[in-house]
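Here's the structure we're looking at; comments come further down.
Protein chains get the first letters and strands the later ones, always in sequence-line order, with residue 1 at the start of each.
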Protein chains: 2
Amino acid sequence: MPTPERTTLDEIVHTASALLETEGVQGVTMQAVAERVGVRAPSLYKRVHSRDRLIQLVAEGSLSELARRLEGVDDPRLLADTLRAFGHERPAAFQLVMSPGAEAQTASAQFGEAASASILRVASALAGPDDALEAARTLTAWAVGFIGMELNGTFKLGGDVQAAWEFGVARIVAAITLD
Amino acid sequence: MPTPERTTLDEIVHTASALLETEGVQGVTMQAVAERVGVRAPSLYKRVHSRDRLIQLVAEGSLSELARRLEGVDDPRLLADTLRAFGHERPAAFQLVMSPGAEAQTASAQFGEAASASILRVASALAGPDDALEAARTLTAWAVGFIGMELNGTFKLGGDVQAAWEFGVARIVAAITLD
DNA sequence: ACCTGAACACCGTTCAAGT
DNA sequence: ACCTGAACACCGTTCAAGT
């Protein structure tokens with residue numbers, strides 16, 4: 001006799017995403033997720049292969065949303081600001097996606113490409129098609145590095161972080177712009 | 001009747017550092033460390049307060065060694081290359097120190113200062129004292145972001161990574177150099 | 001004074017048994 | 001066809017008991 005479904009993969013992933021922000025990666029346990037979706041932990045394995053895979057799905061969902069936000073943006077400063085705003089809104093997801101460490105499963109490549117496309121488009125307009133890839137990587141590396149350090153508290157000791165961000169954006173954009 | 005000491009804090013931290021590189025953070029379990037130093041897991045708690053604290057000690061030791069390597073370096077390109085070489089040699093330690101995520105304990109601030117000092121000195125020579133802090137943060141953010149993405153495999157898909165590094169170094173150095 | 005086995009509370013995961 | 005309790009192998013950590 002069939003039992004009605006009490007949850008969905010979507011609900012599980014969204015619950016895990018919320019838990020990620022409130023409790024950290026450590027807090028995303030199968031039991032905590034199960035409890036929040038109203039089911040016992042073993043039932044989750046009907047929808048998702050493993051905890052690692054669940055974390056990966058969270059990373060992929062987050063990266064998709066980031067890509068969506070970057071989609072229409074044409075100004076490099078606005079692009080950088082949009083990336084930073086995402087980092088501030090969802091710091092744990094940002095770190096998971098941008099510096100997964102050795103533990104968490106990286107989002108599979110196709111999810112990164114959508115986000116890369118926007119950056120590459122803006123970089124190409126600035127640096128010209130020949131230097132587009134290098135310019136995109138320079139801009140991305142700087143922004144991701146900056147936001148990561150900001151979220152980690154590396155900048156906590158003194159100085160105006162906002163001023164350093166604006167200084168960096170201006171210099172990087174100038175540096176990759178075709179004369 | 002006293003029992004002779006069978007290990008030391010130093011040996012424990014070094015063993016944990018080695019395990020970090022070979023097995024990842026996940027592999028740094030109290031049992032694995034204990035086995036390698038010839039003791040049972042509970043005995044470790046005579047020397048270190050907790051696993052979290054052990055990871056923090058590993059991070060602090062790694063950051064100290066990085067600071068030592070950066071110490072005498074005056075050329076900005078060489079500074080960036082030294083940072084990158086450290087990342088390639090000890091990828092797990094690099095990620096632990098530079099993007100600890102939410103789980104691992106960050107190295108306490110004093111350990112970061114030694115490394116910062118070298119970068120600040122070089123940045124000051126390039127950008128002048130007024131912009132030194134902002135310039136140092138721009139250079140550091142770019143390098144850390146780049147190396148992190150490189151280690152994560154974000155760059156895996158196509159393109160010449162070495163060329164992107166050299167492009168970035170040249171542009172960033174130019175960007176923060178006083179006219 | 002350090003080391004250990006046993007124990008506890010927690011994980012992720014599997015699986016037979018329920019409906 | 002989905003859900004569950006029970007079980008297993010693993011964690012980190014505590015602690016009484018050994019030497």
Find out whether Met149(A) and Val161(A) are in side-chain contact, i.e. whether some heavy atom of one side chain is under 4.5 Å from a heavy atom of the other.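 No, every pair of side-chain atoms sits at 4.5 Å or beyond.
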Quick one: are Glu150(B) and Arg84(B) in side-chain contact, heavy atoms under 4.5 Å?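 When only atoms from C-beta onward are counted, Arg84(B) and Glu150(B) do touch, with a gap below 4.5 Å.
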For side chain to side chain donor-acceptor pair (under 3.5 Å), just list the numbers for Glu60(A) and Ser108(A), CA-CA rounded to whole Å, side-chain angles, deciding distance to a tenth of an Å, and then say yes or no. CA-CA 7 Å; Glu60(A) 289 173 354; Ser108(A) 65; 3.2 Å; yes
From the list dT13(C), dC2(C), dG12(D), which nucleotide is the closest neighbour of the side chain of Met30(B)?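 So the side chain of Met30(B) is nearest to dG12(D).
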What nucleotide among dT13(D), dT4(D), dC2(C) has an atom nearest to a side-chain atom of Val39(A)?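 So the nucleotide nearest the side chain must be dT4(D).
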Atom [atom1] of [X] and atom [atom2] of [N]: how far apart are they, to the nearest Å?
{"X": "Arg47(B)", "N": "dT13(D)", "atom1": "CZ", "atom2": "C1'", "result": "17 Å"}
{"X": "Tyr45(A)", "N": "dT4(D)", "atom1": "OH", "atom2": "P", "result": "14 Å"}
{"X": "Arg53(A)", "N": "dG12(C)", "atom1": "CZ", "atom2": "P", "result": "17 Å"}
{"X": "Leu54(A)", "N": "dG12(C)", "atom1": "CG", "atom2": "C1'", "result": "12 Å"}
{"X": "Arg51(B)", "N": "dT13(D)", "atom1": "CZ", "atom2": "P", "result": "8 Å"}
{"X": "Gln31(B)", "N": "dT4(C)", "atom1": "CD", "atom2": "P", "result": "13 Å"}
{"X": "Gln26(A)", "N": "dC11(D)", "atom1": "CD", "atom2": "P", "result": "15 Å"}
{"X": "Arg6(A)", "N": "dT19(C)", "atom1": "CZ", "atom2": "P", "result": "12 Å"}

If you compare every side-chain N and O of Arg40(A) against the phosphate oxygens of dA6(D) (OP1, OP2), does one of them come in below 4.0 Å?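 It does not, given that no N or O in the side chain of Arg40(A) lies less than 4.0 Å from OP1 or OP2 of dA6(D).
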Whether Ser43(A) contacts dT4(D) is assessed here as follows: a side-chain N or O lying under 4.0 Å from the phosphate OP1 or OP2. Is that the case?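 True: Ser43(A) side-chain N/O within range (under 4.0 Å) of dT4(D) OP1/OP2.
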Toward the 5' end of DNA chain C, by each residue's nearest nucleotide, Glu5(B) or Pro42(B):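 Between the two, 5'-proximity favours Glu5(B).
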Backbone N/O of Val37(A) and side chain of Arg6(A): donor-acceptor pair under 3.5 Å: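 Not confirmed, Arg6(A) side chain does not pair with Val37(A) backbone.
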Under a 3.5 Å limit for both distances, which nucleotide forms a Watson-Crick or G-U wobble pair with dA7(D), could you say?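 By the stated definition (distances under 3.5 Å), dT13(C) pairs with dA7(D).
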Paired with dC2(D): which nucleotide, if any, by Watson-Crick or G-U wobble criteria at under 3.5 Å for both distances?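 Across all strands, the one nucleotide that pairs with dC2(D) is dG18(C).
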Mind checking Thr29(A) for me? I need base, sugar-phosphate or nothing, with any heavy atom below 4.0 Å counting as a touch.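 It contacts sugar-phosphate atoms only.
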Parallel under 30°, tilted from 30 to 60°, perpendicular over 60°: which one fits the rings of Phe146(B) and Trp165(B)?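 Perpendicular, since the angle between the ring planes exceeds 60°.
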